[in-house]
There are 2 protein chains.
Amino acid sequence: MFSKYIEQECLGGTMIRRMSNLAHSLKAQKGNEKVIDLTLGNPQLPPPNAYINALKTIASTEEPLCHGYSSTNGDFEAREAIACIIDQFEEVQVTSEDIIMTSGCAGACNVFLKTILDPGDEVIIFSPYFVEYIFYIQNYGGIAIEVPTRFEDKWQINKQLLEQKLSNKTRCVIFNSPNNPTGISYTQESIDCILNIIREYSIKINRPIWVLNDAVYCRVVEPNIHIHSIFHYKYSAIAYSLSKDVSIPGERIGCLAVNPNIPNHNQIVNALATTNEILGFVHTNKLQMRIIPLIKYATVDINLYNKSRQLMCQCLDDLKIQYIRPEGTFFIFPKVEASLDEWEFCKTFAENGIVTVPGSGFGCKGFYRISVCQTPEYIQSIIPKFKEAFNKTVNQLYKKRTIT
Amino acid sequence: MFSKYIEQECLGGTMIRRMSNLAHSLKAQKGNEKVIDLTLGNPQLPPPNAYINALKTIASTEEPLCHGYSSTNGDFEAREAIACIIDQFEEVQVTSEDIIMTSGCAGACNVFLKTILDPGDEVIIFSPYFVEYIFYIQNYGGIAIEVPTRFEDKWQINKQLLEQKLSNKTRCVIFNSPNNPTGISYTQESIDCILNIIREYSIKINRPIWVLNDAVYCRVVEPNIHIHSIFHYKYSAIAYSLSKDVSIPGERIGCLAVNPNIPNHNQIVNALATTNEILGFVHTNKLQMRIIPLIKYATVDINLYNKSRQLMCQCLDDLKIQYIRPEGTFFIFPKVEASLDEWEFCKTFAENGIVTVPGSGFGCKGFYRISVCQTPEYIQSIIPKFKEAFNKTVNQLYKKRTIT
């Protein structure tokens with residue numbers, strides 16, 4: 001009745017969804033106030049006033065065909081506006097010609113991979129990773145090749161580990177900086193490492209290897225963090241969406257920006273736009289495309305997310321929990337105490353009222369992801385409960401071990 | 001640099017796009033008023049006031065997380081509202097539980113096919129067909145099997161022709177009623193024919209064969225036309241969108257409705273919702289999902305499209321052009337005069353100021369599609385020009401033939 005793939009790989013749901021569901025059922029059992037759900041990266045701040053006002057303006061501006069079809073790469077004005085955002089961190093100048101508007105980063109990744117992958121092509125991803133990359137790659141017959149990044153390297157790229165996994169089937173390297181789930185941003189050294197290795201390897205195997213940065217968190221960073229340019233490597237693209245920084249993930253609006261200097265640029269943009277069409281997106285939502293040019297650079301107050309993250313880091317410090325200090329995103333990715341089982345820890349922690357996501361949900365056992373996409377006031381308010389639940393969990397697990 | 005498939009199959013664009021581009025370039029050459037573009041099914045009436053007012057209401061109603069993620073099957077209220085629309089023509093009662101909100105019918109078809117197809121599975125489509133079905137099927141490794149419907153059968157289903165194409169690899173039959181490009185709606189006899197044949201054949205090959213009706217034009221029909229139920233066959237689903245009848249194709253909002261009586265109903269709905277997520281749609285646009293419950297059954301004034309279609313039919317009658325009288329949709333699919341070449345006819349007709357789409361763009365040579373998605377006033381105004389261009393075209397082509 002189903003595709004075998006869907007039946008075997010997808011029906012269980014991702015670890016993130018399963019933990020989110022666990023949070024819901026624990027709340028139903030114990031009462032809402034007893035369970036703190038830190039599973040999802042669902043931004044809790046309202047969108048900026050610029051967005052809310054632009055929405056009202058557009059809603060009261062009816063023009064002929066303003067709800068009609070757009071071109072498959074998207075409205076010119078929206079592409080122009082989003083190019084300006086990418087341009088804030090890319091050193092090569094990006095214009096509307098380089099942009100395909102998409103249904104968020106998830107849409108951007110799918111459109112990109114469908115356009116470049118032949119069945120059997122290998123795509124490098126770095127663990128810990130956002131688990132849906134694996135589905136996106138497999139959707140088009142690609143094979144996800146995992147390259148670990150390590151706690152002891154502060155989650156930065158490890159040259160040897162990457163080199164070991166390249167092959168003559170490598171078609172693409174996807175990375176995600178600032179990173180979900182670690183919260184770190186790749187250093188210039190990490191970016192150079194990736195780009196130099198694939199530049200050389202492309203020549204060796206005589207076919208281009210693409211690089212894609214899923215930069216959805218590029219504007220959710222500490223003030224001193226610099227997002228490094230990748231467009232000095234020709235075969236490169238950036239996925240970006242307004243979901244996190246403008247707090248409108250439900251509106252499904254983002255883009256794919258391709259390197260302006262790529263060979264056969266127009267043909268590539270056309271191919272991506274065509275893929276957008278035949279995958280059934282056709283193009284992204286027209287109303288949101290009309291809003292974007294009005295909001296310009298507006299985001300939510302990113303300082304609030306930075307504050308929330310810092311408060312949670314302080315809490316982890318107080319508890320002497322080990323983690324690499326995140327520089328952005330909604331996430332912290334602490335170590336589970338060495339002698340404890342990750343799954344047992346997360347399950348017990350959840351039963352004690354704090355629901356997080358085990359690291360194996362990101363291809364990286366022995367860690368767990370805490371989502372801090374709420375206001376600083378909220379994070380402040382849950383810290384006593386977090387500490388209590390953490391201590392209780394650790395005590396229970398050690399005690400249990402002593403008994404058995 | 002590209003996927004071989006994208007390079008070989010997609011870069012040329014569909015015949016519809018190519019003719020639409022031809023219309024644009026002819027307009028640029030000859031002046032806007034000299035060229036009449038009847039290529040696209042892009043509805044030209046504005047959305048109903050109910051939609052415009054609902055948009056304003058929603059735009060001024062900010063609630064916590066109202067731009068946040070929805071569930072992957074979509075907001076409950078939107079599913080409930082769209083179930084009521086499907087329920088108007090389905091005899092089996094449809095509820096929110098049977099609905100997955102999608103990015104229009106294109107999204108619905110992709111989500112459906114990805115969920116059910118294994119590579120190598122065959123999907124029956126009836127020519128003339130909406131050409132993108134072939135891409136949607138191939139996206140998931142399926143093989144499109146064309147079964148002709150014929151002018152002499154008034155484009156209804158021909159039992160023998162369908163039976164010949166079934167095999168033990170048949171996984172699904174897609175039909176599109178009311179039909180693009182013919183404009184006809186399948187009779188009860190045609191629907192029964194399809195369902196009876198696949199019911200028997202499913203038993204013979206011992207695996208279910210699905211049926212999907214792309215019913216995007218279900219509300220763009222003459223008043224006396226009845227859309228027939230398919231849900232008395234268990235393995236069935238309907239794709240529908242508000243694109244055409246509410247005139248909001250750019251807003252990318254539609255649904256997949258699955259048969260309430262299908263075995264393993266919940267598992268199927270979950271699988272479809274998961275596919276919606278992993279294909280990168282995640283879910284359809286939140287703002288549009290909030291609008292739908294407010295507009296209820298509102299559509300544009302369908303009588304206007306009926307009037308436009310009738311006016312064009314009268315024009316074709318005056319010219320003694322042969323066609324099967326359409327009962328709905330934006331389209332008429334006339335015969336090219338028997339002795340003329342379809343492509344030469346359409347090209348010359350375009351040069352003479354009327355741009356249509358050759359039937360081979362729908363897998364059916366010897367015909368052409370006229371789109372009448374404009375106001376009756378507009379259609380009335382172009383009829384003299386249409387007649388003049390048609391006569392000129394036919395004369396030129398016969399003359400040319402006499403000379404050569």
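Lettering follows sequence order; numbering is per chain, from 1.
The shortest non-hydrogen separation linking A/Ala239 to A/Leu212 is N-CD1, 3.9 Å. Nearest heavy atoms, A/Gly361 versus A/Val131: O-CB, 3.3 Å.
Listed options B/Tyr5, B/Tyr51, B/Tyr69 were ranked by heavy-atom pairs under 4.5 angstrom with chain A; first place goes to B/Tyr69. With chain A as partner, the option from B/Tyr140, B/Tyr136, B/Phe281 having the largest number of non-hydrogen pairs under 4.5 angstrom is B/Phe281. Heavy-atom pairs under 4.5 Å with chain B peak, among A/Ile58, A/Thr284, A/Ile268, at A/Ile268. Note on A/Ser70, A/Ala59, A/Pro208: by heavy-atom pairs under 4.5 Å with chain B, the leading option is A/Ala59. When each of A/Pro249, A/Ala273, A/Pro43 is scored by its heavy-atom pairs under 4.5 Å with chain B, the top score falls to A/Pro249. When each of A/Gln288, A/Arg17, A/Glu277 is checked for heavy-atom pairs under 4.5 Å with chain B, A/Glu277 comes out on top. In terms of heavy-atom pairs under 4.5 angstrom with chain A, the leader among B/Gly68, B/Gly280, B/Ala106, B/Pro263 is B/Gly280. Counting heavy-atom pairs closer than 4.5 Å to chain A, the top-ranked of the candidates B/Arg171, B/Arg252, B/Glu132 is B/Arg252. Counting heavy-atom pairs under 4.5 Å between each of B/His283, B/Gln44, B/His67 and chain A puts B/His67 at the top.
Contact of A/Cys10 with chain B is made through backbone and side chain together, with heavy-atom distances under 4.5 Å. Using a 4.5 Å cut-off between heavy atoms, A/Glu7 makes no contact with chain B at all. The parts of B/Glu251 that come within reach of chain A are both its backbone and its side chain, each placing non-hydrogen atoms under 4.5 angstrom from that chain. Heavy-atom distances place the side chain of A/Pro47, and not its backbone, under 4.5 Å from chain B. Heavy-atom distances place both the backbone and the side chain of A/Leu287 under 4.5 Å from chain B. Contact annotation for A/Thr14: neither backbone nor side-chain heavy atoms come within less than 4.5 Å of a heavy atom of chain B. With a 4.5 Å cut-off on non-hydrogen atoms, A/Cys105 does not touch chain B at all. Contacts of A/Ser247 with chain B are made by backbone atoms alone, with heavy-atom separations under 4.5 Å and no side-chain atom involved. If you measure heavy-atom distances from B/Ile278 to chain A, the contacts under 4.5 Å come from both the backbone and the side chain. For A/Thr72, the part lying near chain B is the side chain, with the backbone staying farther off; criterion is any non-hydrogen pair under 4.5 Å.
For the salt bridge (Lys or Arg N to Asp or Glu O under 4.0 Å) criterion with A/Asp121, the lone passing option out of A/Lys169, A/Arg207, A/Lys114 is A/Arg207. Just one of B/Ile137, B/Ile116, B/Ile209 meets the side-chain contact (heavy atoms from CB on, under 4.5 Å) condition when paired with B/Cys172; it is B/Ile116.
The closest side-chain heavy-atom distance from B/Asn110 to B/Asn139 is below 4.5 Å. Using a 4.5 Å heavy-atom threshold, the side chains of B/Tyr233 and B/Ile198 count as touching.
For the atom pair CD1 (B/Ile291) and NZ (B/Lys56), the distance works out to 12.0 Å, reported to the nearest 0.5 Å. The CD1 atom of A/Ile52 sits 12.0 Å away from the OG1 atom of A/Thr57 when rounded to the nearest 0.5 Å.
A donor-acceptor contact closer than 3.5 angstrom is absent between the side chains of B/Asn261 and B/Tyr235.
Comment: B/Asp75 engages B/Lys286 in a salt bridge, judged by a side-chain N to carboxylate O separation of less than 4.0 angstrom.
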> Under the side chain to side chain donor-acceptor pair (under 3.5 Å) criterion, do B/Tyr133 and B/Asp214 qualify, and how do the steps go?
Replying inline: CA-CA 10 Å; B/Tyr133 293 145; B/Asp214 173 0; 2.6 Å; yes
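Taking the six-membered ring for Trp and thresholds of 30 and 60 degrees, A/Phe330 and A/Tyr305 have ring planes inclined between 30 and 60 degrees apart.
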